[in-house]
Engineer: 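Quick one: structure below, then a few questions.
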Number of protein chains: 2
Amino acid sequence: METLTIGDFAARSGVAPSALRYYEREGLIRSTRTAGNQRRYERAELRRVAFIRIAQQVGVSLDEIRAALADLPENRTPTRADWAHLSDRWRHRLEEKIALMQRLRDDLSGCIGCGCLSLHRCKLINPDDRLAEEGPGPRILLNPAD
Amino acid sequence: METLTIGDFAARSGVAPSALRYYEREGLIRSTRTAGNQRRYERAELRRVAFIRIAQQVGVSLDEIRAALADLPENRTPTRADWAHLSDRWRHRLEEKIALMQRLRDDLSGCIGCGCLSLHRCKLINPDDRLAEEGPGPRILLNPAD
DNA sequence: GTGCAAGTTGAAGTTCACTTCAACTCAAGG
DNA sequence: CCTTGAGTTGAAGTGAACTTCAACTTGCAC
């Protein structure tokens, strides 16, 4: 069994065949065709799908995921090193997301609990008042990259 | 200035007027009306909107958020204690999400990097082989509640 | 008291990430 | 061979979360 049918590939990746076809149309994964025009997937494609699903969990759009996957070599099966490289870059995104979540967690009781989210100058939202002129809203809390 | 117009409320909450009207239609926030039928918001509503945006960051649907907000008192402005109670329950969701993200981070290099996501019996995905019969896919990694 | 930015409505449109459908073809077991 | 389950396509549908539009009304500054 060198390659997988779409059904087997779907079963092994946990992604529906319709989604796999969609990913292919969107240029996220690739397949070869049999003489009878049916898709066949290399096992290596499973890594792509796993990566896609993980990235989605982090809240990344398929557009961005496509861009990231574009860094993988086109003409050969990605090596362990290729994946490690990609994974490293994405670990950073994950770290950032984790940091955001932790800040949300830490602020949740404190900031919402005390009602200060309704105050423009809340110290938690706006730790050193740098953003006072940059507009309203829980800017730092929700958008730490500002 | 006792209450806020939709424009001011939008500016302070960081949410577009159209989104605020949508939230109201969906029963997530409330407003009173002037004699001329324009919306007026109490400052206390800002806390609701902040809560909504935070919950969305955690990946919760508006449906679920509505359900959570339904626990707040209807006939009076929620107190600090009301919010603290709600926040506590949601800290748990955040903790879970954070834990998931951390697992993703820890597994990302190891598991994708080594290519084992393509293997059904990968130890990281399937630590003690309990799930071998429960179907394919990176089950534990993506769906720890299983 | 008038001008005009800001507000109102319902209906329709948009984007994302898929799924469903209908009509058809392929492939593998008996 | 033939049946039958799996695969193919393009087009249309779905649901979530909004946004946009058109036509109209309000409310504040001058």
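Below, chains carry the letters A, B, ... as their sequence lines are ordered, and counting in each starts from 1. Since the model is a prediction, treat every value here as computed from it, not as a measurement.
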Engineer: Looking only at atom types and distance, does a side-chain atom of R66(A) sit under 3.5 Å from a main-chain N or O of E26(A), one as donor and one as acceptor?
Structural biologist: yes
Engineer: Would you please confirm or rule out a distance under 4.0 Å between OP1 or OP2 of dC16(C) and any side-chain N or O of Y22(A)?
Structural biologist: no
Engineer: Go through the structure and list residues passing side-chain hydrogen bond (donor to acceptor under 3.5 Å, both in side chains) with D82(B), not counting sequence neighbours.
Structural biologist: R76(B), T79(B)
Engineer: One character per nucleotide, please: for nucleotides 3-13 of chain D, 5' to 3', B when the base has a protein heavy atom closer than 4.0 Å, S when only the sugar-phosphate does, - otherwise.
Structural biologist: ----SBB----
Engineer: Excluding sequence neighbours, so at least two apart, what forms salt bridge (charged side-chain N to carboxylate O under 4.0 Å, His left out) with E24(B)?
Structural biologist: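 E24(B) satisfies salt bridge (charged side-chain N to carboxylate O under 4.0 Å, His left out) with R33(B), R39(B) once adjacent residues are dropped.
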Engineer: Can you name the salt bridge (charged side-chain N to carboxylate O under 4.0 Å, His left out) partners of R21(A), sequence neighbours left out?
Structural biologist: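 Residues passing salt bridge (charged side-chain N to carboxylate O under 4.0 Å, His left out) with R21(A): none at all.
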Engineer: Base, sugar-phosphate, or nothing: which does Y23(A) touch, judged by heavy atoms less than 4.0 Å apart?
Structural biologist: sugar-phosphate
Engineer: Are the side chains of W83(A) and R48(A) in contact, using a 4.5 Å heavy-atom criterion?
Structural biologist: yes
Engineer: NA contact type, Q56(A), heavy-atom cut-off 4.0 Å: base, sugar-phosphate, or nothing?
Structural biologist: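 It contacts sugar-phosphate atoms only.
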Engineer: T34(A) or L62(A): which one's nearest nucleotide on DNA chain C is closer to the 5' end?
Structural biologist: L62(A)
Engineer: Under 4.0 Å, heavy atoms only, any strand: does A16(B) hit a base, just the sugar-phosphate, or nothing?
Structural biologist: sugar-phosphate
Engineer: Could you tell me, to 10°, how much the axis swings from one end of the helix from dG1(C)-dC30(D) to dG30(C)-dC1(D) to the other, five pairs per end?
Structural biologist: 10°
Engineer: Excluding sequence neighbours, so at least two apart, what forms salt bridge (charged side-chain N to carboxylate O under 4.0 Å, His left out) with R40(A)?
Structural biologist: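 By the salt bridge (charged side-chain N to carboxylate O under 4.0 Å, His left out) rule, R40(A) matches no residue at all.
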